[in-house]
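In what follows, chains carry the letters A, B, and so on, assigned in the order in which the sequence lines appear, proteins first and then strands, with residues in each chain numbered from 1.
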Amino acid sequence: MTKGVIAITGPTASGKSALADQVALALGSEVISADAMQVYRGMDIGTAKTPVAERLVPLLLVDIVDPADAYSAALFQRDARREIDRLLEKGQVPILCGGTGLYLRAALDEMDFPSGQIDDGRRQRFQELADALGPEGLHRRLAELDPPSAQAIHPNNVRRVIRALEMLDEGVSYADQKAGFSRPSARYPQVTFALTMDRERLYRRIDERVDRMIADGLVKEVEGLVSQGAGEAITSRQAIGYKEIIDALEGRCSLDEAIELIKMRSRRYAKRQLSWSRRDPRTIWIDMDEMDLEEAVAFVLSESEVVR
RNA sequence: GGCCAGAUAGCUCAGUUGGUAGAGCAGCGGACUGAAAAUCCGCGUGUCGAGGGUUCGACUCCCCCUCUGGCCA
């Protein structure tokens, strides 16, 4: 019998954390968070981190990075696999739960990232090159060096063009790497569940959750982070719920406008998360309109027998 | 009660001399291999308030009705 990993994903505010907690409790295991923003210390309210007192089992890979520091899919892969291996060795079934599709796949599927460190200097250089050449110019540069990769990336997607150029510096073609994505091969025996529900209901839940974050003191949390100098941090600065509040605090918009924007961006984020799950044929869907939490737990347990 | 203005996409509105309609925002779909809550791509979704008339043809003109603002009583 091969033990493997149970993964639970789905759009923001769909109830993944509660489900994962219950499943882990039932199996006597632990939950590994797969969330690009929950890794940051002090970003609690806005990332909807389950409060410590409410956790039924240990929640791993949250609060592991300072908000001023950069984190990445490659680092998550290393960290998550370490936790997965540790639990598997103890005979437990790891529950990987989170909404960051890339992180989930980086942990569970074969995915090789070129060399070791991110070279900030090099990235900066490419960014400057991009500013100088413009999107088209930068894309043309990539086309000269690596036509297949240029073909695969839209010229306007400067961020990815830069990444492809970085990879080329390390002797790897973006196009080659990307090819593996369409036919993923599992690193661990695994079953991935994705939550879904009626779109209007989901959006209502998102709105309510944002209002609750504000009521729970999101503004104060952001003020605290900014006063610690995290306002400039590259990654945490991208988090929905944080960048908007910072804009409000610095007078670029009203608080009400910021709140509406948080809701809107959360909706779009939820859509992107769903689209990530849809394209993976291995996804087992859980329609939360038709199951309550208890039924969903039972469903996950029965559908995951092959890995536990 | 009278007069005026308006009624077109989910919202705010545009619509040229009559040829069945288009912008922004919202929304929807997609991509994704070291920033991923990031980044990027694609898509108008419509009884033009209802009914009648003129016309080959009406969102455009005429009549009537309904509703919403405003003004006068």
Using a heavy-atom cut-off of 4.0 Å across all strands, would you classify A/G99 as base, sugar-phosphate, or nothing? sugar-phosphate
So that I can tick it off, tell me whether A/D21 and A/R55 are bridged by a salt bridge, with the cut-off set at under 4.0 angstrom between side-chain N and carboxylate O. no
Taking the side chain as everything from C-beta on, heavy atoms only, tell me whether A/L56 gets closer than 4.5 Å to A/Q22. yes
Under 4.0 angstrom, heavy atoms only, what part of the nucleic acid is A/K243 near: base, sugar-phosphate, or nothing? sugar-phosphate
Heavy atoms only, 4.0 Å cut-off, all strands: where does A/Y203 land among base, sugar-phosphate and nothing? sugar-phosphate
Spacing of the P atoms in B/rU39 and B/rC48 (rounded, Å): 39 Å
Let me know the distance between CD of A/E200 and P of B/rC28, rounded to the nearest Å. 10 Å
Does OP1 or OP2 of B/rA37 have a side-chain N or O of A/T100 closer than 4.0 Å? yes
Using the C1' atoms only, state how far B/rU8 lies from B/rA21, rounded to an integer number of Å. 8 Å
Under 4.0 Å between a Lys/Arg side-chain N and an Asp/Glu carboxylate O for A/E166 and A/R123? yes
To the nearest angstrom, how far is A/F126 atom CZ from B/rA35 atom P? 14 Å
What's A/R163 touching, base or sugar-phosphate or nothing? Going by heavy atoms closer than 4.0 Å. base
At under 4.0 Å, does any side-chain N or O of A/R278 touch on OP1 or OP2 of B/rG29? yes
Examine B/rA36: is either OP1 or OP2 under 4.0 Å from a nitrogen or oxygen in the side chain of A/R268? Give yes or no. no
Output the rounded distance in Å from CD1 (A/I262) to C1' (B/rA37). 12 Å
For the residue pair A/R163 and A/F126, establish whether any side-chain heavy-atom pair is separated by less than 4.5 Å. no
Between P of B/rA37 and OH of A/Y269, the distance in whole Å: 4 Å
Pairs counted as Watson-Crick or G-U wobble with both distances under 3.5 Å: what dot-bracket string results for RNA chain B, using | for bases tied to another strand? (((((((..((((.....[..)))).(((((.......))))).....(.(((..]....))).)))))))).
Please list each protein N or O that sits under 3.5 Å from an N or O in nucleotides 40-43 of chain B, with the distance.
{"from": "B/rC40", "atom 1": "O4'", "to": "A/N157", "atom 2": "OD1", "distance (Å)": "3.3"}
{"from": "B/rC40", "atom 1": "O4'", "to": "A/N157", "atom 2": "ND2", "distance (Å)": "3.4"}
{"from": "B/rC41", "atom 1": "OP1", "to": "A/N156", "atom 2": "ND2", "distance (Å)": "2.5"}

Answer yes or no: does a side-chain N or O of A/S275 lie under 4.0 Å from OP1 or OP2 of B/rA31? yes
How far does the P atom of B/rA36 sit from the matching atom of B/rC40, given to the nearest Å? 15 Å
A/D44 and A/K49 ion-paired at < 4.0 Å: yes
Between A/K271 and A/R199, is any pair of side-chain heavy atoms under 4.5 Å apart? yes
Check whether any side-chain heavy atom of A/L87 sits under 4.5 Å from a side-chain heavy atom of A/E30, and report yes or no. yes
Just by distance, do the side chain of A/D289 and the backbone of A/D198 share a donor-acceptor pair under 3.5 Å? yes
Could you label the plane-to-plane angle of the A/F76 and A/Y103 rings as parallel, tilted or perpendicular, counting under 30° as parallel and over 60° as perpendicular? parallel
Closest-nucleotide 5' rank along RNA chain B - winner of A/M111 and A/A239: A/M111
Using a cut-off of less than 4.0 Å, is there contact between a side-chain N or O of A/R105 and OP1 or OP2 of B/rA36? no
Using whole Å, report how far NZ of A/K271 lies from P of B/rU39. 16 Å
Please report the distance, rounded to the nearest Å, between CE in A/M43 and P in B/rA35. 16 Å
Only pairs under 3.5 Å count here: list side-chain donor-acceptor contacts from residues 5-17 of chain A, not counting sequence neighbours, and write none if there are none.
{"from": "A/T9", "atom 1": "OG1", "to": "A/G98", "atom 2": "O", "distance (Å)": "2.8"}
{"from": "A/T12", "atom 1": "OG1", "to": "A/R209", "atom 2": "NH2", "distance (Å)": "3.0"}
{"from": "A/S14", "atom 1": "OG", "to": "A/P11", "atom 2": "O", "distance (Å)": "2.6"}
{"from": "A/K16", "atom 1": "NZ", "to": "A/G10", "atom 2": "O", "distance (Å)": "3.3"}
{"from": "A/K16", "atom 1": "NZ", "to": "A/P11", "atom 2": "O", "distance (Å)": "3.3"}

Distance test, side-chain N/O of A/Y103 to OP1/OP2 of B/rA36, below 4.0 Å: yes
Distance in angstrom units between A/L138 CG and B/rU39 P, rounded: 17 Å
Applying a 4.0 Å non-hydrogen cut-off, can you work out what A/D109 is touching in the nucleic acid: base, sugar-phosphate, or nothing? nothing
Say we look at B/rG53 and B/rU17: how far apart would their P atoms be, to the nearest angstrom? 28 Å
Look at A/R204 together with A/D207 and state whether they make a salt bridge at an N to O cut-off of under 4.0 Å. no
Using atom P of each nucleotide, how far apart are B/rG10 and B/rG6 to the nearest Å? 22 Å
Under 3.5 Å donor-acceptor, A/S304 side chain and A/V307 backbone: no
Rounded to whole angstrom, note down the C1' distance from B/rU66 over to B/rG52. 15 Å
Both A/A36 and A/L75 contact RNA chain B. Taking the nearest nucleotide for each, which residue is further toward the 5' end? A/L75
Contact class for A/F76 vs. all strands (heavy atom < 4.0 Å): base, sugar-phosphate, or nothing? nothing
What contact category does A/T47 fall into here, base, sugar-phosphate, or nothing, at under 4.0 angstrom with non-hydrogen atoms? base
Mind calculating the distance between CZ (A/R199) and C1' (B/rA26) to the nearest angstrom? 14 Å
Sticking with atom C1', work out how far B/rA50 lies from B/rC65, rounded to a whole angstrom. 7 Å
Side-chain N or O of A/R267 versus OP1/OP2 of B/rA26: is the shortest distance under 4.0 Å? no
When you check the phosphate oxygens OP1 and OP2 of B/rA31, does a side-chain N or O of A/Y174 lie under 4.0 Å from one of them? no
Integer angstrom distance from the P of B/rU54 to that of B/rA58: 11 Å
